[in-house]
Structure formats: structure tokens, C-alpha cells
Amino acid sequence: MKLAKTFGYDKVLFMNTGVETGESAIKFARRWGYAVKKVEPDQATVLFAKGNFWGRTIAACGSSDDPERYLNFGPFNGLNFSLIDYGS
């Protein structure tokens, strides 16, 4: 693909929205963790900074500490997300 060659990448992945990019980033990170770092199956945890906002999907709501984002949308317990202070 011309775009990939122009920037020296092997591949590119087109997105329509920021939240779509966040969802893909979670998938890529988990896949890498399982395949490369040999994380045990279904044990990957994704860390998010407290105070984040990146969309309104279930994953985005499940990674939020803002009650307006997560109340009445759960459960989120199967996502294995953790919140940390920014800069930790």
C-alpha cells in the first residue's frame, strides 16, 4: 500500500473515530501481550489514567472513573481494566 510505503510502515489501519482507535489499541495490546509477552490466557489487564475520556462505548465507559460515564452501563468486570494516577 502506498501510504504504508510512504511512511515506512508494514501496514496501516484506517479508523473513522477516536473511540474506534482506542478499541483497536486495546485489542492490539492484548494480542501482543498474549503472543509476545506470554501473558496467561484471559489474564491481561489494561491500565488507564484516572480522569480519562475517550468515548462512549462499553469499553470506554468501563475505563472511566466518572460516574456519568459508567453508572447504569455495567457490569464491566470482564474487561480487566485498572485505573492509575496519570504519570504513575
Side-chain angles (χ1 to χ4, degrees):
M1 169 181 268
K2 187 175 182 175
L3 183 62
K5 286 182 183 178
T6 299
F7 291 101
Y9 297 129
D10 295 328
K11 300 176 184 178
V12 295
L13 178 62
F14 292 101
M15 300 286 163
N16 292 317
T17 65
V19 74
E20 187 178 18
T21 303
E23 297 274 347
S24 294
I26 293 167
K27 289 172 70 175
F28 290 148
R30 284 186 172 167
R31 180 180 238 176
W32 177 82
Y34 293 128
V36 177
K37 300 303 280 185
K38 306 299 183 205
V39 173
E40 293 294 320
D42 299 322
Q43 298 302 305
T45 298
V46 180
L47 303 178
F48 292 89
K50 292 177 183 175
N52 77 73
F53 176 79
W54 55 280
R56 291 181 174 85
T57 64
I58 291 298
C61 291
S63 71
S64 178
D65 59 351
D66 179 354
E68 289 188 27
R69 303 285 172 250
Y70 66 78
L71 281 179
N72 299 317
F73 295 113
F76 304 112
N77 55 338
L79 296 174
N80 283 353
F81 292 168
S82 292
L83 293 170
I84 60 171
D85 291 323
Y86 182 78
S88 295

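In this text, all values refer to a predicted model and were calculated from it rather than measured experimentally.
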key: For Lys27, all residues meeting salt bridge (Lys or Arg N to Asp or Glu O under 4.0 Å), sequence neighbours excluded   = none

query = If you group Ile, Leu, Val, Met, Phe, Trp and Tyr by side-chain heavy-atom gaps below 4.5 Å, do Phe14 and Tyr9 land in one group?
reply = yes

Euclidean distance, Asp10 CG relative to Lys5 NZ, rounded to 0.5 Å = 12.0 Å

Pair up each side-chain donor or acceptor in residues 47-57 with any protein partner under 3.5 Å, not counting sequence neighbours, and list the distances.
from	atom 1	to	atom 2	distance (Å)
Lys50	NZ	Asp85	OD1	3.4
Asn52	ND2	Ala49	O	2.9
Asn52	ND2	Ser63	O	2.6
Trp54	NE1	Ser63	OG	2.8
Thr57	OG1	Glu23	OE2	2.5
Thr57	OG1	Ala60	N	3.2

note = Here the pair of heavy atoms bringing Ala59 nearest to Phe81 is O-CE1, 3.3 Å

remark   = Here the pair of heavy atoms bringing Glu68 nearest to Phe73 is O-CE1, 4.2 Å

message = For residues Trp32 and Ile26: do they belong to one hydrophobic cluster (side chain heavy atoms under 4.5 Å, members Ile, Leu, Val, Met, Phe, Trp, Tyr)?
response = no

note = Of all heavy-atom pairs linking Thr21 and Met15, the shortest is OG1-CG, 3.3 Å

inquiry  = Please check this pair: side chain of Lys37 against backbone of Tyr34, looking for a donor-acceptor N/O pair closer than 3.5 Å.
reply    = no

request  = State yes or no: do Phe7 and Met1 share one hydrophobic cluster built from I, L, V, M, F, W and Y residues joined by side-chain heavy-atom distances below 4.5 Å, directly or via other members?
outcome  = yes

request  = Kindly give the heavy-atom pair with the smallest separation between Asp42 and Asn80, and that separation in Å.
outcome  = O-ND2, 3.5 Å

note = d(Asp66 CG, Cys61 SG) to nearest 0.5 Å is 9.5 Å

ask   = What is the distance from atom CD1 of Ile84 to atom CG of Asp65, rounded to the nearest 0.5 Å?
value = 12.0 Å

